[in-house]
Amino acid sequence: MSYKNFPMVPRVIFGRGSFNQLNDIIAPKRLNIKAPFIFLIDDVFRNNAWLTSRINLSYDDRIIYISSKEEPKTSQVDELVEEIILMAKERPSGIIGIGGGTLLDLAKAVSIMLNNEGETKNYQGWDLVKNPAVYHVGIPTISGTGSEVSRTTVLTGPEKKLGINSDFTPFDQVVLDPELTKDVPLNQWFYTGMDCYIHCIESLQGTYLNTFSESYGLMALELCKDIFSEDTLTKEQAEDKLMMASWHGGMSIVYSQVGVAHALSYGLSYLLGTKHGIGNCIVFDHLEEFYPEGVKLFKAMKEKHNIELPQGICADLSDKDFDTMIKIALSLEPLWENALGKKWKSIATPKKIKDLYKKM
Ligand code: NAD
Ligand code: ZN
């Protein structure tokens, strides 16, 4: 038996207002005055002086605003890397991603691709990255994905939606400032928060579970219950707790895997562009047979917060469309094996998956 040896985020700062310390944190990492820091920021913050006025740009440092309407694509990473190489006199000192999972994943991918040859799509998979990434910092502004701790950056490529899973993917520094999440809209708060809840359920119910994953998963699940099914927390407390739930949920899947909801959600995302948080919710709503307790509580939380999920998103799809989604979903073998065990193929048949998609 050989155990996997995982890298972790080596530095993290937590606290309301800790974002104010960003300039001091990154300053020692400047390689020289020609090597800029590049800030990749969700364009929801474009004209938001409360956030951006706290970033000191020196020398050739630049902010690039990026829309998170669509999830990251390998071609988008290639374009960003090209743009950065053209604009910078030297290889950047660091990439700082500010936003949700979309921006965090882009920052991770760009920092890897600045130091690795060829196209991003060639690195989708496990342990394909050869050279360490450029110094990269993750600053979440919405909580739930766990991207701030994870060893992957999920990208849609020409052939597949799959992460760059590597030892060079995790951030070198994370800034956890729950105050940055104060203006997240209610629906989005729920969808991305449920990503964390679903990580916990899939990890805790999975066959890959070990004590490392379980202890993080249980912590994150408790926090999610406090946040989404009780009324005892102030808004600030709920923001603080969800940021830590996201972290622990992400830690829980380091040593295990996600499961059925994520596999099916990747299929929706690939074909229809359904975003991760809402896609997971749409799928999870129909997974009673796999996660009976987890889905029951999910439905109660959905009700409590008056969340209406889209219905009938697969109503007009052709057989070919269903086949595409089924192929993407079934290609994620570790997710199915984690969820259903070694004999998963006898349970997760194409017909079974099609029946599930038809309900959505
Ligand atoms: P997101 O980054 O797409 O953001 C969702 C929405 O919230 C956007 O409209 C964004 O503009 C808005 N937003 C973010 N912060 C805000 C703020 N403070 N105030 C107001 N609006 C704000 O959503 P997400 O759910 O965080 O991330 C989804 C992405 O994360 C997907 O691409 C998914 O594949 C990826 N993901 C990655 C991992 C990983 O381990 N790498 C894990 C799970 C999900
Ligand atoms: Zn997820």
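Start at 1 and go down the list; that is how both ligands and their atoms are numbered. Count residues from 1 along the sequence.
The distance from the CG atom of Asn20 to the CD1 atom of Ile55 is 11.0 Å, given to the nearest 0.5 Å. Phe190 contributes atom CZ, which lies 4.5 Å from atom CE of Met194 (distance to the nearest 0.5 angstrom). For the atom pair CZ (Phe39) and CG (Leu57), the distance works out to 6.0 Å, reported to the nearest 0.5 Å.
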Atom pairs, nitrogen or oxygen, ligand 1 to protein, under 3.5 angstrom:
from	atom 1	to	atom 2	distance (Å)
ligand 1	2 (O)	Gly101	N	3.2
ligand 1	2 (O)	Thr102	N	3.1
ligand 1	2 (O)	Thr102	OG1	3.2
ligand 1	3 (O)	Thr102	OG1	2.7
ligand 1	3 (O)	Lys275	NZ	2.5
ligand 1	11 (O)	Asp42	OD1	3.1
ligand 1	11 (O)	Asp42	OD2	3.0
ligand 1	11 (O)	Ser68	OG	3.2
ligand 1	15 (N)	Thr141	O	3.4
ligand 1	15 (N)	Thr141	OG1	2.8
ligand 1	18 (N)	Thr141	O	2.9
ligand 1	18 (N)	Leu180	O	3.0
ligand 1	25 (O)	Thr192	OG1	2.7
ligand 1	26 (O)	Gly101	N	2.8
ligand 1	27 (O)	Gly101	N	3.2
ligand 1	40 (O)	Ser150	OG	2.6
ligand 1	41 (N)	Asp105	OD1	2.8
ligand 1	41 (N)	Asp105	OD2	3.3
ligand 1	41 (N)	Ser147	OG	3.4
ligand 1	41 (N)	Ser150	OG	3.3
ligand 1	41 (N)	Thr152	O	3.0

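A salt bridge is absent between Lys121 and Asp78: the closest approach of a Lys/Arg side-chain nitrogen to an acidic carboxylate oxygen does not fall below 4.0 angstrom.
None of the N, O or S atoms belonging to Cys196 lies under 2.8 Å away from the Zn ion (ligand 2).
For the Zn ion (ligand 2), the nearest N, O or S atom contributed by Asp195 is named OD1.
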So Asp195 and His262, side-chain hydrogen bond (donor to acceptor under 3.5 Å, both in side chains) or not? Walk me through it.
CA-CA 9 Å; Asp195 190 23; His262 277 74; 3.2 Å; yes

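Taking the centre and axis of the six-membered ring of Tyr266, the NZ or CZ atom of Lys161 falls inside the cone set by 45° and 6.0 Å.
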Enumerate, atom names and distances included, each donor-acceptor pair closer than 3.5 Å involving a side-chain atom of residues 90-104, sequence neighbours excluded.
from	atom 1	to	atom 2	distance (Å)
Glu90	OE1	Asn32	ND2	2.8
Arg91	NE	Asn115	OD1	3.4
Arg91	NH1	Leu114	O	2.8
Arg91	NH1	Asn115	OD1	2.9
Ser93	OG	Leu31	N	3.0
Ser93	OG	Ala35	O	2.5

